[in-house]
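What you see is a predicted model, and the numbers here were worked out from it, not measured in a lab. Read the numbers this way: they start at 1 and go in the same order the structure lists the ligands and their atoms.
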Amino acid sequence: MNRIKTLAGLAAVALTVLQPLAGHAQDPLIQTKYTADPAPMVHNDTIFLYTTHDEDDADGFKMLDWLLYTSTDMVNWTDHGAVASLKSFKWAVRDNGAWAEQVIERNGKFYMYCPLHGNGIGVLVADSPYGPFTDPLGKPLVWQKEHWEDIDPTVFIDDDGQAYMYWGNPNVYYVKLNEDMISYSGDIVKVDPVPEHYQEGPWCYKRNGKYYMAFASTCCPEGIGYAMSDSPTGPWTTKGYIMRPTDRSRGNHPGIIDYKGKTYVFGLNYDLLRIETPDHHERRSVSAAEMHYNADGTIQEVPYWKDTRLEPVGTFDPYRRVQAETMAWGYGLKTAPKADGGICVTNIHNGETLRLRAVDFGSRAGTMTFLASVASADGNARLEVRLDSAEGPLLGTLDIQPTGGLDTYREQTCTLQGATGVHDLVFCFRGGEGMELFNWDSWELRK
Ligand code: FUB
């Protein structure tokens, strides 16, 4: 049992306060793991959110792999587990240091640029954004010097097809990547001067003919600053903050995308850890907020994550097979690889909930069938299906039957009262106090 879980009871009061907030601020985006260094990428109609991963028992940085989450509405996120790790690089000499990555697509291939702290920047390639990612070089793409200099790569492709990789702390470097995206031409160039208040974590992109470099600024706490330029090679003019530093957090690290007509800035905070303890550990969590530009291309300041409200940019279709590890809020739950592949929701205990936002039940009233693929050692658990909140209307209850163990999945069904319109859907878990109730793979509604 992990530390988050053992302290969950103690945090009950905090949870009572946070649960209602979760439907609004949704800070952080992911609650089942500690995630950091968001690198969002839009591919087709989906956001692929790659993150680093702070281990549950991390004190300082303890980071072994890179995670992937996807969403089509910005509020419900599906966990795809680790898509790469330090083990993806045979040349990695350390057993820690899977730091801030970024993935970019070119010509149907997906390139993941990964700093191995103190060991250079490597690149992995995949035919799909879900991976598998493999190392085509067998050596670092860039490796200048100890210790912080070669971290936090960001890659962007200009309209003329030239790709650039920028990185570094406390300096910013860049190189021109070749079209193969796994080699570069020319020298590594040091950006001079470095944007004011620059710390690390550059995120470069182009919009309306202007070049942007967002970055973790000031320390510590870190905010998110940004600079603009008329050229990808600078000079860069510091413009100010996207998010001001605040004592409510410590580190930060930007990722910016346009999606469904809106712009979002992603970053990180310690708000999940704060539910557990006021003590500092490097156990961070990714958040996001809508961001707006002024007419001249400058960026309006975004308030601290908790003070923003993330609205869904789409509704969620429940009439299909849904992976249970898709959620807007699931504090206290964990996700883990299943023995036969895929991911499941684990560590389900009495009183916990899993929420999806903006679920579209359609306009036709009438009963529905709820199907859930679950694994349970001894049954003795119930899954209540409710609307809007843990106290909201009860659509029905699935009495979980034993399946032969927590690795043996069986489909179980119950009838639900019909629901219409768009609501939050809240699954409430009931069963023996302190017991691990069941593992959950997927579910589906049928009319
Ligand atoms: O997450 C490890 C390091 O902390 C990142 O590479 C930096 O940007 C900072 O977030």
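R386 has no carboxylate O lying under 4.0 Å from a charged side-chain N of D424, or vice versa, which leaves the two without a salt bridge.
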What side-chain donor-acceptor pairs closer than 3.5 Å can you find for residues 64-78, not counting sequence neighbours?
{"from": "D65", "atom 1": "OD1", "to": "H53", "atom 2": "ND1", "distance (Å)": "2.7"}
{"from": "W66", "atom 1": "NE1", "to": "W99", "atom 2": "O", "distance (Å)": "2.7"}
{"from": "T70", "atom 1": "OG1", "to": "H80", "atom 2": "NE2", "distance (Å)": "2.7"}
{"from": "S71", "atom 1": "OG", "to": "D73", "atom 2": "N", "distance (Å)": "3.1"}
{"from": "S71", "atom 1": "OG", "to": "D73", "atom 2": "OD1", "distance (Å)": "3.0"}
{"from": "S71", "atom 1": "OG", "to": "M74", "atom 2": "N", "distance (Å)": "2.9"}
{"from": "S71", "atom 1": "OG", "to": "N76", "atom 2": "O", "distance (Å)": "2.8"}
{"from": "D73", "atom 1": "OD1", "to": "V75", "atom 2": "N", "distance (Å)": "2.9"}
{"from": "D73", "atom 1": "OD1", "to": "N76", "atom 2": "N", "distance (Å)": "2.8"}
{"from": "D73", "atom 1": "OD2", "to": "N76", "atom 2": "ND2", "distance (Å)": "2.8"}
{"from": "N76", "atom 1": "OD1", "to": "R357", "atom 2": "N", "distance (Å)": "2.8"}
{"from": "N76", "atom 1": "ND2", "to": "R357", "atom 2": "O", "distance (Å)": "2.8"}
{"from": "W77", "atom 1": "NE1", "to": "M74", "atom 2": "O", "distance (Å)": "3.1"}
{"from": "T78", "atom 1": "OG1", "to": "T326", "atom 2": "OG1", "distance (Å)": "2.7"}

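Ring centroids of W203 and H253 are separated by 6.0 Å or more, keeping the two rings apart.
With Y409 as the aromatic partner, K338 meets the cation-pi criteria of under 6.0 angstrom to the ring centre and within 45 degrees of the ring axis.
Scanning for ring-ring contact (aromatic ring centres under 6.0 Å, His included) contacts around W167 gives Y173, with sequence neighbours left out. Listed by chain and number, the residues in a ring-ring contact (aromatic ring centres under 6.0 Å, His included) with Y212 are Y205, Y293 (sequence neighbours excluded).
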Just list the N/O pairs, ligand 1 to protein, that are under 3.5 Å apart, with the distance for each.
{"from": "ligand 1", "atom 1": "1 (O)", "to": "D37", "atom 2": "OD2", "distance (Å)": "2.4"}
{"from": "ligand 1", "atom 1": "1 (O)", "to": "R284", "atom 2": "NH1", "distance (Å)": "3.1"}
{"from": "ligand 1", "atom 1": "1 (O)", "to": "R284", "atom 2": "NH2", "distance (Å)": "2.8"}
{"from": "ligand 1", "atom 1": "4 (O)", "to": "R284", "atom 2": "NH1", "distance (Å)": "3.3"}
{"from": "ligand 1", "atom 1": "6 (O)", "to": "A100", "atom 2": "N", "distance (Å)": "3.4"}
{"from": "ligand 1", "atom 1": "6 (O)", "to": "D152", "atom 2": "OD1", "distance (Å)": "2.4"}
{"from": "ligand 1", "atom 1": "8 (O)", "to": "D152", "atom 2": "OD1", "distance (Å)": "3.3"}
{"from": "ligand 1", "atom 1": "8 (O)", "to": "D152", "atom 2": "OD2", "distance (Å)": "2.6"}
{"from": "ligand 1", "atom 1": "8 (O)", "to": "H253", "atom 2": "ND1", "distance (Å)": "2.8"}
{"from": "ligand 1", "atom 1": "10 (O)", "to": "D37", "atom 2": "OD1", "distance (Å)": "2.7"}
{"from": "ligand 1", "atom 1": "10 (O)", "to": "R284", "atom 2": "NH1", "distance (Å)": "3.3"}

